[in-house]
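What follows is a short report on a single structure.
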Protein chains: 2
Amino acid sequence: MSTPGRGLHGRVLDTLGPAITAGEYPAGSVLRTDELAQRFEVSRSVMREAVRVLESMHLVESRRRVGVTVLAECEWNVYDPQVIRWRLAGSERPRQLRSLTVLRSAVEPVAAGLAARLATPEQCAELTECALGMVANSRGHRLEEYLFHDVAFHRVILTASGNEMFARLGGVVAEVLAGRTHHDVMFEDPDPAAVTLHVQVAEAVRARDAERAERLTREITEGALQELDILAP
Amino acid sequence: MSTPGRGLHGRVLDTLGPAITAGEYPAGSVLRTDELAQRFEVSRSVMREAVRVLESMHLVESRRRVGVTVLAECEWNVYDPQVIRWRLAGSERPRQLRSLTVLRSAVEPVAAGLAARLATPEQCAELTECALGMVANSRGHRLEEYLFHDVAFHRVILTASGNEMFARLGGVVAEVLAGRTHHDVMFEDPDPAAVTLHVQVAEAVRARDAERAERLTREITEGALQELDILAP
DNA sequence: GTGACATATAAGTCTGACTTTTTGTTCCCG
DNA sequence: CGGGAACAAAAAGTCAGACTTATATGTCAC
């Protein structure tokens, strides 16, 4: 997905990033740039660029006379989309999915409330369109089409909130929803109750009813929490 | 703060990062690596490392035969602590502060609710200690001491939530609170009502009353929103 | 044991040559 | 006159080698 192979250093990252985020090198492990360069058969300059990127993600720290030290998980930039993707692809997937779903449960209701106040007429229209698309594909194992509209729906909500930080979570939510459809148990058609809630959120936003939009969205995200067996009120 | 001068490429970033995030180069502007290297009086290798880091933050995109293109604001990794710091230091400060405060208003109440369920006895103790520290320094222009305990309080809440993504926002909240104390209008002693709320949150967490902890924290964050004239319910 | 000093090590830096990709131009032919 | 293929130039990408610098660690005298 996104950007496969944007240069040699990117290839290195595609291997090293997932390895580190998967915990293959325990915190405190020390790597040497030269050794890594040999292992990946690239020049030191390329390897250094890769290390610099990992460093900017706070996955590693490079110190003179010591080497490249792998940092503890609590230091990582867990909001970096690249890091999120690496973790979603590895063995940490379930935990990452839980973290993200909890984050969603905090952010999306507030975003929906703001969207109800700030959404443009175009965004309102887009929203109802998405909701209708979800309804139309909610039966007959049209999972891909359903997912497409579901992702679009949440993206519009987050964008319409007018908050750049919320908007930036659109990609994350997309990956969570896609993950649920593709990897996890989702053989059956989506829950009709969830579909209805989306339609109602679209209505509430169009009606500028912030409180209602927030409450309904909270119901949606609480459903997502329950799917993952995360304790709810 | 944090890491001043971790190598030559870091110095370059200290100048180039703020410049880009401040909007000095409009989206679509094209820079050339060699020219930049000359301008900053560093070698191309160092400049390339800096560009790679900016690229990993999605601030720029490097393409052959074209150069280093500055990306649109909506592409930026606005959750990267470095990017946040750069923006808080520049002319985008007010907007960044608003975004972050809205994010806080979404995250912290949910985090407090989770903390009420999951906090360890040690964390509960720490929390009450912080709240008491806030009370003790809430009068007599002891702003720095008050800030210290305030930051610690919110950090404990976010950490005790058990969610790594929430925990990671501790630093961000710290910068927001520090910014409010140092830059903005905060000559008077803190609002007594806010102090009381913190004490009550600590009590609620200790009493494992998730709903109450969430509600009280929501009151705190709504106060923060009002301070910035962000429309509230 | 403590402090100063020496040493080895690995990252950091610079330079210059070469490769590769991409874009824009030119030129030929339909 | 238009479209497509060949060409040329530009900028990033890659590599190899030499050199610098910081620093952890070990050594020795006191």
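Each chain gets a letter, A, B and so on, in the order the sequences are listed, and its residues count up from 1. All values derive from a computational prediction rather than experimental measurement.
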| query | Between C:dT15 and B:Ser45, is there an OP1 or OP2 to side-chain N/O distance shorter than 4.0 Å? | reply | no
| message | Centroid separation under 6.0 Å, is that true for the rings of B:His154 and B:His149? | response | no
| field | Nearest-Å distance for atom pair CD/P, residues A:Glu49 and C:dC14 | value | 15 Å
| field | Gap separating the CE atom of B:Met165 from the CZ atom of A:Arg104, nearest 0.5 angstrom | value | 13.0 Å
| Quick one, which residues of residues 31-41 of chain B touch DNA chain D with a heavy atom under 4.0 Å? | B:Leu31, B:Arg32, B:Thr33, B:Asp34
| If you measure from OG on B:Ser56 to CD on A:Glu55, what distance do you get to the nearest 0.5 Å? | 11.0 Å
| request: Take atom CZ of B:Arg52 and atom P of D:dA12, then tell me their distance rounded to the nearest Å. | output: 11 Å
| task | Report the distance from atom CE of A:Met47 to atom C1' of D:dA16, rounded to the nearest whole Å. | result | 17 Å
| task | Determine whether the side chains of B:Glu144 and B:His182 contain a donor N or O and an acceptor N or O closer than 3.5 Å. | result | yes
| said: Quick check on side chain to side chain contact (heavy atoms under 4.5 Å, CB included): which of B:Leu169, B:Val78, B:Val172, B:Thr221 does B:Leu103 satisfy it with? | reply: B:Leu169
| Are the charged groups of A:Glu49 and A:Arg52 less than 4.0 angstrom apart, N to O? | no
| Residue B:Val46, side-chain heavy atoms: nucleotide from C:dT13, D:dA12, D:dC15 that is nearest | C:dT13
| query | Any side-chain heavy-atom pair from B:Val30 and B:Val68 closer than 4.5 angstrom? | reply | no
| query | Whole Å only: how far is the NE2 atom of B:His9 from the C1' atom of C:dA11? | reply | 12 Å
| request: Calculate the interatomic distance between A:Arg48 atom CZ and C:dC14 atom P; express it in whole Å. | output: 11 Å
| query | In whole angstroms, how far is the P atom of D:dA11 from the CD atom of B:Glu61? | reply | 17 Å
| query | Does the side chain of A:Thr217 come under 3.5 Å of the side chain of A:Glu108 through a donor N or O and an acceptor N or O? | reply | no
| query | To the nearest Å, how far apart are A:Arg11 CZ and D:dG13 C1'? | reply | 12 Å
| Quick one: B:Leu54 CG to D:dA12 P, roughly how many Å, whole number? | 14 Å
| query | What is the per-nucleotide protein-contact pattern of nucleotides 16-27 of chain C, from the 5' end, where B denotes a base atom under 4.0 Å from a protein heavy atom, S denotes such proximity for sugar-phosphate atoms only, and - denotes neither? | reply | BB--BSBB----
| Test: A:Glu73 and A:Arg87 ion pair at under 4.0 Å | yes
